[in-house]
Amino acid sequence: MATFIHPHDTVLGNRPTVQRICILSGIGFIFFGLVGVLNPGFISLHLSAAHNLIHLSCGSMIILAGFAEEKKKAYILSSIMGFFFGLIGIVGFVFGNPGFPAVGDLNSDTHLLRVLPDFLELGTSDHILHLCASLILLFGAFSWRVAQDEGLGSIVDIQRRG
């Protein structure tokens, strides 16, 4: 007899969009944190030990929020982290200066933000990635907010009923 897995029995299963986004983006942050240990200049990112630790910590918190029983935790963390990463990305583009990073053998960067010189530096690729992460997390928070206003569980439910 064949066994079929119901789509709602998966890790992402029957969760609101905000929780799914938290789980997937948390995995992404952990991925970059781990890859940064092996290759600090991965895709021109400035992945110092401090930056990797931040990615691993944020990724862990975001994943935990994605699996939380109380769905509002995913909304709150998505909102906070989305705002934080958006702010970091914008600050990097506004206040970053041309310079050579201390991490790896990277070329000069036009928007190098030295948060802690030689310890935590963010470049153009980091700013772009942080802004993308921000948009994804804020979309998750927005989707949950819209679903709550509509009395639904997720954007998927809105699409099904709309």
Side-chain angles (χ1 to χ4, degrees), residues 1-94 103 111 113 115 120 122-162:
M1 179 162 99
T3 303
F4 294 99
I5 297 176
H6 193 274
H8 297 291
D9 293 338
T10 64
V11 171
L12 297 177
N14 192 17
R15 297 182 189 280
T17 304
V18 67
Q19 286 186 305
R20 292 176 188 185
I21 286 175
C22 280
I23 293 166
L24 293 174
S25 59
I27 290 169
F29 278 104
I30 289 174
F31 169 78
F32 282 108
L34 294 174
V35 167
V37 171
L38 303 173
N39 184 2
F42 180 66
I43 60 171
S44 297
L45 296 173
H46 301 79
L47 299 171
S48 64
H51 201 172
N52 293 329
L53 185 60
I54 291 168
H55 282 168
L56 292 170
S57 300
C58 289
S60 299
M61 287 189 300
I62 293 169
I63 286 176
L64 288 174
F67 284 112
E69 288 292 321
E70 189 178 333
K71 293 162 184 62
K72 189 170 185 175
K73 289 181 181 179
Y75 163 73
I76 292 169
L77 199 64
S78 266
S79 300
I80 292 169
M81 292 290 192
F83 175 78
F84 173 75
F85 283 109
L87 182 65
I88 293 295
I90 291 168
V91 166
F93 278 118
V94 173
V103 176
H111 297 286
L113 180 65
V115 180
L120 180 59
L122 307 172
T124 302
S125 297
D126 300 297
H127 308 323
I128 292 169
L129 193 61
H130 290 154
L131 288 173
C132 290
S134 171
L135 290 174
I136 291 167
L137 289 166
L138 290 174
F139 171 78
F142 174 76
S143 73
W144 188 82
R145 191 73 207 169
V146 167
Q148 294 307 301
D149 291 345
E150 298 290 324
L152 302 170
S154 70
I155 285 284
V156 174
D157 291 336
I158 292 170
Q159 292 170 347
R160 286 182 191 150
R161 293 185 186 186

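It should be emphasised that the depicted structure is a prediction, and the values quoted were computed from it without experimental measurement. Keep in mind that the numbers below use all heavy atoms, side chains included, and drop hydrogens, waters and symmetry copies.
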Is the side chain of S78 donor-acceptor paired with the backbone N or O of Y75 at a distance under 3.5 Å, no angle test?
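No, because the side chain of S78 does not come within donor-acceptor range (under 3.5 Å) of the backbone of Y75.
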Taking all non-hydrogen atoms of both residues, which atom of [X] and which atom of [Y] are closest, and how far apart?
| X | Y | result |
| --- | --- | --- |
| I27 | I63 | N-CD1, 3.7 Å |
| L77 | M61 | CD2-O, 3.2 Å |
| A74 | A65 | CB-O, 3.5 Å |
| L122 | V115 | CD1-CG2, 4.1 Å |
| Q19 | F67 | NE2-C, 4.3 Å |

Does any part of the side chain of [Y], heavy atoms only, come nearer than 4.5 Å to the side chain of [X], both counted from C-beta?
| X | Y | value |
| --- | --- | --- |
| C58 | I54 | yes |
| F93 | I128 | yes |
| I23 | R15 | yes |
| K73 | L64 | no |

With rounding to the nearest 0.5 Å, note down the distance linking [atom1] in [X] to [atom2] in [Y].
| X | Y | atom1 | atom2 | answer |
| --- | --- | --- | --- | --- |
| T124 | L45 | OG1 | CG | 11.0 Å |
| I88 | H127 | CD1 | NE2 | 9.5 Å |
| L131 | I136 | CG | CD1 | 11.0 Å |
| S134 | L129 | OG | CG | 11.0 Å |
| F31 | L24 | CZ | CG | 14.0 Å |

Test of understanding: with ring-ring contact (aromatic ring centres under 6.0 Å, His included), list the residues that count as partners of F85, not counting sequence neighbours.
F29, H130
Check the orientation of F42 and F32. Use parallel for under 30°, tilted for 30 to 60°, and perpendicular for over 60°.
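F42 and F32: tilted rings.
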Among pairs that include at least one residue of residues 22-49, which meet side-chain hydrogen bond (donor to acceptor under 3.5 Å, both in side chains), considering only residues two or more places apart or in two chains?
H46-D126
